[in-house]
Participant: 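Supplied in structure tokens, the structure appears directly below.
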Amino acid sequence: MKPAIFHLLMGVTIMSAILTQRPVVQETVIEAIPFPLNYLRAPQLKTFHHSIDVYLKDSNATGNIYFARHFEWQGICRERWFFECISADMLQSLGVFITKEAQQQYVCETFAFQKIACEVNTFAIKQCSFSLAFRFLVDGKLVATGQQQIVFANKEKKISRLPEHILEKIRQYEVEKGE
């Protein structure tokens, strides 16, 4: 008997027991049928990973990393992501990317000689702009988060629509805001 039919008959039997107020005892052996779990999961989206080495030049006299370095790291990771994942020429023949807004939230201190792991995703993708989400980690522990809103402008510096093939690449890294 097919599982869908079995469930339907089982529901009718239980319903008739409820309606007639008579207990119905039915013993059934159910054979498990493998169900591919990939039907239940959304496709895995990409996250860009980049590693940053931190040196004494990045720190103050006590060894704490200057807060401004986190913005510098956003720029480094953003440029590496554009180069490796979107367009190696940064779309220079079509226009420019402009950072409209940037934010950084510090979770805990970082120190010289730590290796900073940066994760980059996109969100709020529109025709002419998108946002980047940054997560900075040390040994798997979150130390900072940040975001940037990026706008695309043509050579005349007028806001322009991103080419569709570029939007498709950007969407591969998209997450819901807050992830």
Side-chain angles (χ1 to χ4, degrees), residues 40-179:
L40 302 175
R41 294 186 189 129
Q44 279 297 87
L45 298 175
K46 295 179 181 179
T47 296
F48 178 73
H49 298 271
H50 186 68
S51 180
I52 298 168
D53 292 317
V54 183
Y55 300 100
L56 285 175
K57 71 176 182 68
D58 300 310
S59 67
N60 59 23
T62 62
N64 296 348
I65 301 305
Y66 295 120
F67 291 128
R69 290 291 190 239
H70 290 79
F71 277 108
E72 187 178 319
W73 298 340
Q74 280 189 20
I76 290 167
C77 294
R78 177 195 63 223
E79 291 165 12
R80 179 53 68 182
W81 175 75
F82 278 132
F83 181 80
E84 289 185 19
C85 305
I86 305 303
S87 180
D89 69 353
M90 305 278 288
L91 300 181
Q92 290 177 11
S93 62
L94 300 175
V96 295
F97 289 105
I98 300 166
T99 301
K100 180 180 176 187
E101 181 182 318
Q103 301 177 16
Q104 186 70 35
Q105 290 137 353
Y106 308 98
V107 177
C108 66
E109 291 179 305
T110 52
F111 299 94
F113 304 108
Q114 289 181 319
K115 188 171 279 294
I116 308 294
C118 178
E119 299 176 348
V120 179
N121 286 99
T122 61
F123 66 96
I125 300 170
K126 300 184 174 140
Q127 294 178 1
C128 303
S129 68
F130 59 94
S131 293
L132 293 171
F134 300 91
R135 286 170 306 286
F136 298 99
L137 305 108
V138 173
D139 297 325
K141 180 182 174 188
L142 186 68
V143 296
T145 62
Q147 64 184 47
Q148 293 184 6
Q149 183 182 18
I150 308 295
V151 177
F152 184 69
N154 63 21
K155 289 187 168 195
E156 291 76 40
K157 307 292 189 260
K158 293 186 179 184
I159 304 299
S160 299
R161 184 184 184 115
L162 284 154
E164 189 58 39
H165 73 283
I166 297 299
L167 281 170
E168 287 174 20
K169 289 180 180 182
I170 292 169
R171 284 186 191 108
Q172 292 177 9
Y173 295 86
E174 187 174 21
V175 295
E176 294 294 321
K177 186 168 176 17
E179 278 188 44

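The residues of the chain are indexed from 1 along the displayed sequence.
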Participant: Taking the side chain as every heavy atom from C-beta outward, state whether V120 and H50 have any atom pair closer than 4.5 Å.
Facilitator: no

Participant: I need the I86 CD1 to H165 NE2 distance, nearest 0.5 Å.
Facilitator: 9.5 Å

Participant: Taking atom NZ of K57 as the centre, report whether more than 12 heavy atoms of other residues, nucleotides or ligands fall under 6.0 Å from it.
Facilitator: yes

Participant: Counting distance only, does the side-chain N/O of T122 pair as donor-acceptor with the main-chain N or O of I170 below 3.5 Å?
Facilitator: yes

Participant: Does I116 reach the side chain of V138, with side-chain heavy atoms less than 4.5 Å apart?
Facilitator: yes

Participant: Any heavy-atom pair between the side chains of K115 and V54 that's under 4.5 Å?
Facilitator: no

Participant: For the SG atom of C118 and the NE2 atom of H70, what is their distance to the nearest 0.5 Å?
Facilitator: 10.5 Å

Participant: Does any part of the side chain of N60, heavy atoms only, come nearer than 4.5 Å to the side chain of Y66, both counted from C-beta?
Facilitator: yes

Participant: Give the minimum heavy-atom separation between G75 and Q148, together with the two atoms involved.
Facilitator: N-NE2, 4.3 Å

Participant: Compare every heavy atom of R161 with every heavy atom of F152, then report the nearest pair and how far apart it is.
Facilitator: CD2-O, 3.9 Å

Participant: Using a 4.5 Å cut-off on heavy atoms from C-beta on, say whether the side chain of I98 contacts that of I150.
Facilitator: no

Participant: Measure the OH-CZ distance between Y106 and F67 for me, rounded to the nearest 0.5 Å.
Facilitator: 6.5 Å

Participant: How far apart are the closest heavy atoms of L94 and P163, and which atoms are they?
Facilitator: CD1-CG, 3.7 Å

Participant: Indicate yes or no: at least one non-hydrogen side-chain atom of F134 is less than 4.5 angstrom from one of Q104.
Facilitator: no

Participant: Quick one: are L132 and Q74 in side-chain contact, heavy atoms under 4.5 Å?
Facilitator: no

Participant: Applying side-chain hydrogen bond (donor to acceptor under 3.5 Å, both in side chains) between N121 and each of E174, R135, Q172, report the one that passes.
Facilitator: R135

Participant: Below 30° counts as parallel, above 60° as perpendicular, anything between as tilted: where do the rings of F130 and F82 land?
Facilitator: perpendicular

Participant: Taking the side chain as every heavy atom from C-beta outward, state whether C85 and K46 have any pair of such atoms under 4.5 Å apart.
Facilitator: no

Participant: Which atom names give the shortest non-hydrogen contact between L162 and C128, and what distance separates them?
Facilitator: CD1-C, 4.1 Å

Participant: Under 3.5 Å, is there a donor on one side chain and an acceptor on the other for R69 and T110?
Facilitator: no

Participant: Which value, rounded to the nearest 0.5 Å, describes the distance between S131 atom OG and Q147 atom CD?
Facilitator: 6.0 Å

Participant: Provide the closest heavy-atom pair for C77 versus I52 in the form atom of the first, atom of the second, distance.
Facilitator: SG-CD1, 3.8 Å

Participant: I'd like to know if the side chain of S129 and the backbone of V151 have a donor-acceptor N/O pair within less than 3.5 Å.
Facilitator: no

Participant: How about W81 and Y173: are their ring centres within less than 6.0 Å of each other?
Facilitator: yes

Participant: Roughly how far, to the nearest 0.5 Å, is CD of Q127 from OG of S160?
Facilitator: 11.5 Å

Participant: Working to the nearest 0.5 angstrom, can you tell me the gap between I65 CD1 and F111 CZ?
Facilitator: 8.5 Å

